[in-house]
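A short worksheet on the structure shown next.
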Amino acid sequence: QVQLVESGGGLVQAGGSLRLSCAASGIILSRNTMGWYRQAPGKQRELIAAITSSGSTNYADSVKGRFYISRDSAKNTVYLQMNSLKPEDTAVYYCWYPTGDYWGQGTQVTVSS
């Protein structure tokens, strides 16, 4: 059974950084595409970053140059490094495994101005 558990969210001031983690069980992350979504209040869920099995990465324009997705195969964990955070980055962030459409429980990120 696939399980995704996010951690690392919290409250940070604008301009600060956070690193989110997504620990997986039931799948081998390095062999699969993984992604991070976020959902701000009153808005649709948005795909912001993805990493393929070959290590290629893609980012939404809204986070490009500030957010970075990576993985640690030994820990079977995907990370989202978020830098230069802005109040508009406030959202619940979800880890996503597209094969079978699995989601983590989400972690809240709040950026104060």
Side-chain angles (χ1 to χ4, degrees):
Q1 184 176 354
V2 176
Q3 285 192 320
L4 304 173
V5 179
E6 299 105 333
S7 61
L11 173 64
V12 64
Q13 288 188 332
S17 298
L18 282 175
R19 189 178 77 159
L20 305 183
S21 301
C22 173
S25 59
I27 56 172
I28 299 175
L29 290 182
S30 60
R31 297 181 183 176
N32 294 278
T33 294
M34 297 294 298
W36 284 96
Y37 270 79
R38 69 183 181 187
Q39 187 166 22
K43 295 188 177 180
Q44 288 190 328
R45 199 169 286 193
E46 172 191 22
L47 178 62
I48 57 170
I51 184 167
T52 69
S53 58
S54 65
S56 297
T57 57
N58 285 285
Y59 300 93
D61 289 343
S62 57
V63 305
K64 198 171 293 182
R66 299 187 299 122
F67 290 14
Y68 301 94
I69 188 171
S70 63
R71 63 176 176 237
D72 184 329
S73 299
K75 295 182 178 180
N76 210 33
T77 298
V78 173
Y79 301 100
L80 184 68
Q81 177 66 44
M82 306 186 295
N83 302 323
S84 302
L85 283 161
K86 305 174 182 180
E88 51 264 44
D89 294 319
T90 295
V92 178
Y93 285 71
Y94 297 91
C95 183
W96 175 60
Y97 172 52
T99 305
D101 199 28
Y102 290 94
W103 297 83
Q105 82 284 1
T107 186
Q108 176 71 46
V109 172
T110 303
V111 184
S112 63
S113 57

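What's counted below: heavy atoms across the whole structure, side chains too, no hydrogens, waters or symmetry copies. Computed from a predicted structure; not experimentally measured.
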Might you point out which heavy atoms bring [X] and [Y] nearest each other, and give the distance in Å?
X     : Y      : value
Glu46 : Ala60  : OE2-CB, 4.1 Å
Leu29 : Cys22  : CD1-O, 4.2 Å
Thr52 : Thr33  : CA-OG1, 3.6 Å
Gly9  : Val109 : CA-CG2, 4.1 Å

- Do Arg45's NZ or CZ and the ring of Trp103 fall within the cation-pi criteria of under 6.0 Å and 45°? yes
- Does the salt bridge (Lys or Arg N to Asp or Glu O under 4.0 Å) test come out yes or no for Lys86 and Asp89, once each step is laid out? CA-CA 5 Å; Lys86 305 174 182 180; Asp89 294 319; over 6 Å; no
Is the side chain of [X] donor-acceptor paired with the backbone N or O of [Y] at a distance under 3.5 Å, no angle test?
X     : Y     : value
Gln81 : Arg19 : no
Asn58 : Ala50 : no
Asn83 : Ser17 : no

Partner of [X] by side chain to side chain contact (heavy atoms under 4.5 Å, CB included), out of [options]:
X     : options              : answer
Trp36 : Leu47, Ile69, Val63  : Ile69
Met34 : Tyr97, Tyr102, Trp96 : Tyr97
Tyr94 : Gln105, Gln39, Arg38 : Gln39

- Below 4.5 Å, heavy atoms only, C-beta onward: do Leu20 and Met82 meet side chain to side chain? yes
- Does some side-chain heavy atom of Ile27 sit less than 4.5 Å from a side-chain heavy atom of Thr99? no
- Can you hop from Tyr37 to Leu18 via hydrophobic side chains spaced under 4.5 Å? no
- Query: Transitively linked via ILVMFWY side-chain contacts under 4.5 Å: Leu80 with Val5?
  - Reply: no
Interatomic distance, [X] atom [atom1] to [Y] atom [atom2] [nearest 0.5 angstrom]:
X      : Y     : atom1 : atom2 : value
Gln13  : Leu85 : CD    : CG    : 11.5 Å
Gln108 : Leu11 : CD    : CG    : 9.5 Å
Ser73  : Arg31 : OG    : CZ    : 10.0 Å
Ser30  : Ile51 : OG    : CD1   : 10.0 Å
Arg71  : Ile28 : CZ    : CD1   : 11.5 Å

- Sorted by chain and number, sequence neighbours left out, side chain to side chain contact (heavy atoms under 4.5 Å, CB included) with Thr77 holds for Ser21, Ala23, Lys75, Tyr79
- Consider only side-chain N and O atoms of Ser62 and Glu88, and report whether a donor and an acceptor are under 3.5 Å apart. no
- Classify the angle between the aromatic ring planes of Tyr59 and Tyr68 as parallel (below 30°), tilted (30 to 60°) or perpendicular (above 60°). perpendicular
